[in-house]
Amino acid sequence: MKAVGIFGGTFDPVHIGHLRTAVELREHLGLDELHLIPSARPPHREQPGVSAEHRLAMLSLAIGSETHGDSVVSADLPADGLFADDRELRREGLSYTVETLAQLRAELGANVALCLCIGMDSLVNLHSWQRWQELSDYAHIVVAARPGWHLPETGPVAEWLAGRCTNDPQLLSNTPSGCVLVEAMTLLPVSATQIREDLATGNSVRYLVPDAVIQYIHQHGLYKQENS
Ligand code: ATP
């Protein structure tokens with residue numbers, strides 16, 4: 001079965017923590033393609049100071065792919081299978097993940113494994129997401145384990161996890177949706193918050209952010225004191 005992953009975030013800006021995670025997820029899960037999807041209007045946090053168009057452009061530069069809204073594996077797929085996917089910029093309103101999954105599932109049909117990749121911090125708060133119990137109807141959920149976070153043991157998410165958790169990555173490519181897998185990841189101690197602060201104070205972010213993205217940030221005057 002073909003397997004497609006999605007990895008969302010504000011990417012404000014994209015950094016090596018995101019990129020390394022994306023590469024490892026694709027390899028560990030054997031995904032044919034992994035879509036990195038900037039959240040145009042994130043529902044759960046302050047709206048980013050930098051536009052979704054700029055954040056998408058930086059992401060595309062970072063992974064060296066053209067923006068790609070369709071879920072078709074094409075002949076010119078970059079070797080590492082990563083895509084910047086602009087679908088949440090093309091929708092109105094807040095960027096709810098459940099709507100993104102429903103849209104992708106409708107495009108892919110029933111016989112493709114779809115994996116939603118999230119951090120453990122997101123899993124713990126999953127019950128605050130729009131229509132969260134429907135997420136596993138459309139996709140598997142792959143949780144990147146971060147130090148200091150554990151699977152919830154009580155509460156609505158813990159109840160929901162019972163019977164869905166698996167240790168077998170193979171199961172994810174044999175079925176289209178419905179499982180939760182916790183995956184140990186290399187978690188580089190990098191955050192976009194720190195990068196925005198460094199840029200605002202004029203410190204270098206070299207080697208934390210790809211050079212092409214640094215160039216874009218300077219060209220467009222992003223993350224200066226007033227919009228950081
Ligand atoms: P901010 O500091 O603005 O909150 P962030 O660096 O956490 O941003 P996001 O765009 O919010 O980045 O994160 C997108 C996804 O990437 C989330 O699932 C998040 O858990 C994950 N992520 C963020 N930083 C890292 C990192 N250093 N290593 C691995 N995954 C990361």
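Remember, it's 1-based here, ligands and their atoms both numbered in the order they're listed. Here the structure is a predicted model, which means the values were calculated and not measured.
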Give the atoms of ligand 1, by number and element, whose distance to some non-hydrogen atom of V190 is under 4.0 Å.
24 (N), 26 (C), 27 (N)

Mark up the atoms of ligand 1 that fall under 4.0 Å of a heavy atom belonging to R196, in ascending order.
3 (O)

Keeping R26 on the side-chain end and E33 on the backbone end, is there a donor-acceptor pair under 3.5 Å?
no

Does ligand 1 come near enough to S122 that some N or O of the ligand is less than 3.5 Å from an N or O of the residue?
no

Heteroatom distance test (H18, ligand 1): nitrogen or oxygen, under 3.5 angstrom:
yes

Strictly distance-based, threshold 3.5 Å: is any side-chain N or O of Q47 a donor or acceptor partner for the main-chain N or O of P42?
yes

Whether R45 lies under 4.0 Å from ligand 1, heavy atom
yes

Donor-acceptor contact present, side-chain D32 to main-chain A3, <3.5 Å:
yes

Specify whether H18 and H15 have parallel, tilted or perpendicular ring planes, treating 30° as the upper limit for parallel and 60° as the lower limit for perpendicular.
parallel

Passes salt bridge (Lys or Arg N to Asp or Glu O under 4.0 Å), R87 versus E107? Steps please.
CA-CA 12 Å; R87 69 184 59 239; E107 287 171 20; 3.0 Å; yes

If only atom types and distance count, is the side chain of S39 paired as donor or acceptor with the main-chain N or O of G9 below 3.5 Å?
no

Please check: side-chain N/O of R55 versus main-chain N/O of T10, any donor-acceptor pairing under 3.5 Å?
yes

Applied to residues 135-145, the side chain to side chain donor-acceptor pair (under 3.5 Å) test, sequence neighbours excluded, yields S136-R164, H140-T175

Which of the atoms in ligand 1, numbered in the order shown and given with their element, are less than 4.0 Å from a heavy-atom of G8?
14 (C), 15 (C)

Is there at least one pair of N or O atoms, one from P189 and one from ligand 1, spaced under 3.5 Å apart?
no

Would you say that M1 contacts P176 through its side chain, given a criterion of any heavy-atom pair below 4.5 Å between the two side chains?
yes

Restricting to heavy atoms, the pick from D121, T193, I16, L208 nearest atom 2 (O) of ligand 1 would be T193

Mark up the atoms of ligand 1 that fall under 4.0 Å of a heavy atom belonging to F11, in ascending order.
10 (O)

Could you tell me which atoms of ligand 1, counted from 1 in the order shown, lie closer than 4.0 angstrom to a heavy atom of T21?
28 (N), 29 (C), 30 (N)

State the atoms of ligand 1, each with its element, that fall below the 4.0 Å cut-off from a heavy-atom position in G9.
10 (O), 14 (C)

What are the atoms of ligand 1, with element, lying closer than 4.0 Å to any heavy atom of H15?
6 (O), 24 (N), 25 (C), 27 (N)

Under 4.0 Å to a heavy atom of S191 - the qualifying atoms of ligand 1, by number
2 (O), 6 (O)

